[in-house]
Amino acid sequence: MRTAMTCAQTLNNPLSSTNPHLLPHKPDPIQLTQEEMKRVAAYRAADMVVSGMVVGLGTGSTAAHFIHRLAELMHKGSLKDIIGIPTSLKTEAHAIKAGIPLSTLNSHPIVDISIDGADEVDPQFNLVKGRGGSLFREKMIEGASRKFVVIVDETKMVACLGGSGLSVPVEIVPFSWKYTLSKIEKLFKDETGFSARLRVDQEKPFETDNGNYIIEMFFEKGVSGDLNEVSDRLLRLTGVIEHGMFLDMATNVVVAKTDGSVIILNK
Ligand SMILES: O=C(CO)[C@H](O)[C@H](O)COP(=O)(O)O
């Protein structure tokens with residue numbers, strides 16, 4: 001089983017982003033754009049769905065390609081009796097428009113397969129998710145899934161979570177949000193280069209589908225130490241609902257490369 005390692009431990013890992021298979025190499029005849037790579041990964045993952053499955057439907061641009069392909073296969077008759085469980089209101093609207101029958105975890109508490117994008121994937125399949133703001137529903141539905149397939153382009157493979165310079169999001173209740181932000185800052189006060197701020201959208205606090213706010217955490221050198229411990233410390237703060245580190249949840253990672261090839265990593 002792959003568990004949370006420190007960044008330093010990832011250096012000799014065969015799945016590390018230093019693995020030559022996952023690194024951009026000399027120019028190939030085909031050079032897919034990032035959007036094309038997202039579609040390639042999503043379409044490949046759609047082949048993992050079989051008729052009769054309850055399917056967790058992810059959120060974001062990569063997941064949108066998957067929803068499109070799933071609906072296409074259903075309309076062609078290649079897939080029958082599919083029920084989708086959407087991870088956001090946006091995905092719900094997309095799936096309804098695409099004609100995918102939907103349900104909830106209340107009615108279908110066991111999900112056969114969930115397919116979703118990610119912002120970062122480390123060599124142990126730990127993820128950062130939620131830059132689209134849907135981390136809470138994603139974590140609930142993907143956590144209830146027998147199989148959780150992550151679909152990414154190769155730029156999302158990192159040696160260490162938070163190491164790409166982008167944020168690790170945390171969903172918090174709006175009540176006394178500045179106080180919760182200060183508690184998060186205190187938690188990482190010894191971390192060099194750490195900063196945190198409220199996510200803002202059009203000069204207002206960004207609101208999740210659950211009516212909550214998002215704090216963006218930035219780690220200059222990536223999240224250090226035992227990730228499970230970092231997770232526990234965050235979740236123990238009153239006011240924190242959930243964070244965007246998905247530890248030891250993904251079972252498969254489908255990585256599309258610029259040359260159009262796909263690597264499937266299995267746990
Ligand atoms: O976690 C997510 C949304 O909450 C997305 O899966 C993640 O942000 C990746 O997005 P994209 O596929 O658009 O790059």
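These numbers come from the heavy atoms of this one structure, side chains and all, not from hydrogens, waters or symmetry mates. No experiment lies behind these values; they were computed from the predicted model shown. Whatever order the structure lists them in is the order used to number ligands and atoms, beginning at 1.
Atoms of ligand 1 lying under 4.0 Å from any heavy atom of G117, numbered from 1 in the order shown and given with element: 6 (O). Shown in contact with G132 at under 4.0 Å from a heavy atom are these atoms of ligand 1, numbered in order with element: 3 (C), 4 (O), 8 (O). Against a heavy-atom cut-off of under 4.0 Å, G133 is close to the following atoms of ligand 1: 4 (O). Atoms of ligand 1 lying under 4.0 Å from at least one heavy atom of G60, given by number and element, are 13 (O). Near T59, the atoms of ligand 1 lying under 4.0 angstrom from a non-hydrogen atom of the residue are 2 (C), 3 (C), 5 (C), 6 (O). For ligand 1 and D116, the ligand atoms under 4.0 Å from any heavy atom of the residue are 6 (O). Per-residue contacts place K129 under 4.0 angstrom from the following atoms of ligand 1 (heavy atoms of the residue considered): 1 (O), 2 (C), 5 (C), 6 (O). Close approach of ligand 1 to K38 (heavy-atom distance below 4.0 Å) involves ligand atoms 11 (P), 13 (O), 14 (O).
Residue contact annotation: A118 has a non-hydrogen atom under 4.0 Å from ligand 1.
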Inset, instruction - For V49 and I115, run side chain to side chain contact (heavy atoms under 4.5 Å, CB included): C-alpha distance rounded to whole Å, both residues' side-chain angles, the deciding distance at 0.1 Å, then the answer. - result: CA-CA 9 Å; V49 179; I115 300 186; 3.9 Å; yes
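At least one N/O-N/O distance between G130 and ligand 1 falls below 3.5 Å. Between L135 and ligand 1, no pair of N/O atoms sits closer than 3.5 Å.
In the candidate list G58, S61, P169, S61 is nearest to atom 11 (P) of ligand 1, counting heavy atoms.
Side chains of T251 and N266 form no contact here, defined as non-hydrogen atoms less than 4.5 Å apart. Here the side chains of T238 and V173 are not in contact, with every heavy-atom distance at 4.5 Å or above.
The protein atom (non-hydrogen) at minimum distance from atom 14 (O) of ligand 1 is K156 NZ, 2.8 Å. For atom 12 (O) of ligand 1, the closest non-hydrogen atom on the protein side is T62 OG1, 2.5 Å. For atom 8 (O) of ligand 1, the closest heavy atom belonging to the protein is D119 OD1, 2.6 Å. Summary of contacts: the protein heavy atom closest to atom 3 (C) of ligand 1 is E138 OE2, 3.2 Å.
One hydrophobic cluster, built from ILVMFWY side chains closer than 4.5 Å, cannot hold both Y43 and I100; they sit in different ones. In the hydrophobic clustering of this structure, L89 does not group with I67; members are Ile, Leu, Val, Met, Phe, Trp, Tyr whose side-chain heavy atoms approach within less than 4.5 Å, directly or through other members. Put simply, I215 and F218 are part of two different groups of oily side chains (I, L, V, M, F, W, Y) that touch within less than 4.5 Å, one to the next. By the criterion of side-chain heavy atoms lying less than 4.5 angstrom apart, applied directly or through intervening Ile, Leu, Val, Met, Phe, Trp or Tyr residues, L70 is grouped together with I264 in one hydrophobic cluster.
At most 12 heavy atoms of other shown residues, nucleotides or ligands fall within 6.0 angstrom of atom CE in M140.
Considering M217, K139, E171 in turn, K139 is the only one that fulfils the side chain to side chain contact (heavy atoms under 4.5 Å, CB included) rule with H243. Among E120, E216, E138, the one residue that satisfies the salt bridge (Lys or Arg N to Asp or Glu O under 4.0 Å) test with R131 is E120.
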